[in-house]
Amino acid sequence: MSPSAGLIAASLIVPARMVGGRWTFREILIGLLAASAAVALTSLPKAADADPALIIVTLAAALAVCALVLPGVSGSYLLLILGMYAPTLAAVNDRNLGYLGAFAIGAIIGLGLFVSALQWLLKNRRRVTLVIMTGLMLGSLRALWPWQTEEGAVLAPDADFGTVLLLVALGAVVVLGILAAEAALVKRRMLSPEVVADPEPHDS
């Protein structure tokens, strides 16, 4: 878990750089609000295991699958908050086709709608969308804090602080090394800057 914190922390450079140019005060404020929302979300207590109706399963799947696209939010964590993580695993183990079918329908609907909405936002509100994504990634680091209680309450660093710090640094170094290699390729004209700034394929 600790290297993951380093990976995400260093990866903040990517969406922040894709915003383009200096951030305005308004954008900084929006980013901090998004980070606060992510912190609040990852601080929610885990609900007791539920026995949900199939319509609830569909709605929960539609919500959780959005986390696959949105950085900084975990679909598994959303299911834990809703008390549906263990029932979903049990449905997989027991081959509960009714539950799994409802979950799959919700996931397909949720992913289709969310991806379409996100594509529209990136096309029409690119800067503010990337600012919000950066904030969500920043706030999600709260979930990766190594010292927590079973209920998710944050604790002070323990005796293994040095080891954890080293692992976080290693994770950050991996990302920074990839970004440095990318910059070197751009400098040597082996990789187009447009591809780095906008990785979406374009018709020729």
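Because the structure is a prediction, the values reported are computed rather than measured.
- Between the side chain of Gln119 and the main chain of Ser116, no donor-acceptor pair closer than 3.5 Å is present.
- Under the 4.5 Å side-chain heavy-atom criterion for ILVMFWY residues, a single connected hydrophobic cluster contains both Ile56 and Leu80.
- Contact between Leu118 and Met133 at its shortest, heavy atoms only, is CD1-CE, 3.3 Å.
- The CG atom of Leu100 sits 8.5 Å away from atom OG1 of Thr88, with the distance rounded to the nearest 0.5 Å.
- For the atom pair Ile13 CD1 and Ile178 CD1, the distance stands at 11.5 Å (nearest 0.5 Å).
- Follow the hydrophobic side-chain contacts under 4.5 Å out from Leu32 and you reach Leu136 in the same cluster.
- Annotation for Tyr99: atom OH counts as buried by contact number, over 12 foreign heavy atoms lying within 6.0 Å.
- In the hydrophobic clustering (ILVMFWY side chains linked at under 4.5 Å, chained through shared members), Leu33 is joined by Leu29.
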>> Is there a side chain to side chain contact (heavy atoms under 4.5 Å, CB included) between Thr129 and Asn124? Walk through the geometry before answering.
In response: CA-CA 9 Å; Thr129 301; Asn124 298 279; over 6 Å; no

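- Summarising the geometry, atom CG belonging to Leu176 is positioned 8.5 Å from atom OG belonging to Ser11; distances are rounded to the nearest 0.5 Å.
- Distance alone, capped at 3.5 Å, places no donor-acceptor pair between the Arg142 side chain and the Ala38 backbone.
- For the pair Ile28/Thr24, no side-chain contact is recorded, criterion being any heavy-atom separation below 4.5 Å from C-beta on.
- Here the closest non-hydrogen pair linking Thr134 and Leu12 is O-CD2, 3.5 Å.
- Taken from CG in Leu41 to CD1 in Ile81, the straight-line distance is 4.5 Å, to the nearest 0.5 Å.
- Across all non-hydrogen atoms, the minimal contact from Ala62 to Val65 is O-CG1, 3.4 Å.
- Shown here for Val57 and Met84, the closest heavy-atom pair between the two residues is CA-CE, 3.6 Å.
- One finds the CG atom of Leu63 at 10.0 Å from the CZ atom of Phe114 (value rounded to the nearest 0.5 Å).
- At least one side-chain heavy atom of Ser140 sits under 4.5 Å from a side-chain heavy atom of Ile8.
- Residue Arg127 holds its CZ atom at 10.5 Å from CD1 of Ile30, rounded to the nearest 0.5 Å.
- For the pair Arg22 and Glu27, the tightest heavy-atom approach, listed with the atom from each and the gap, is O-OE1, 4.2 Å.
- No side-chain donor-acceptor contact under 3.5 Å links Thr58 to the backbone of Phe103.
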>> Applying side chain to side chain contact (heavy atoms under 4.5 Å, CB included) to Val19 and Val128, what does each step give before you reach the verdict?
In response: CA-CA 8 Å; Val19 171; Val128 70; over 6 Å; no

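- Between Leu54 and Gly98, the closest heavy-atom pair is CD2-O, 3.9 Å.
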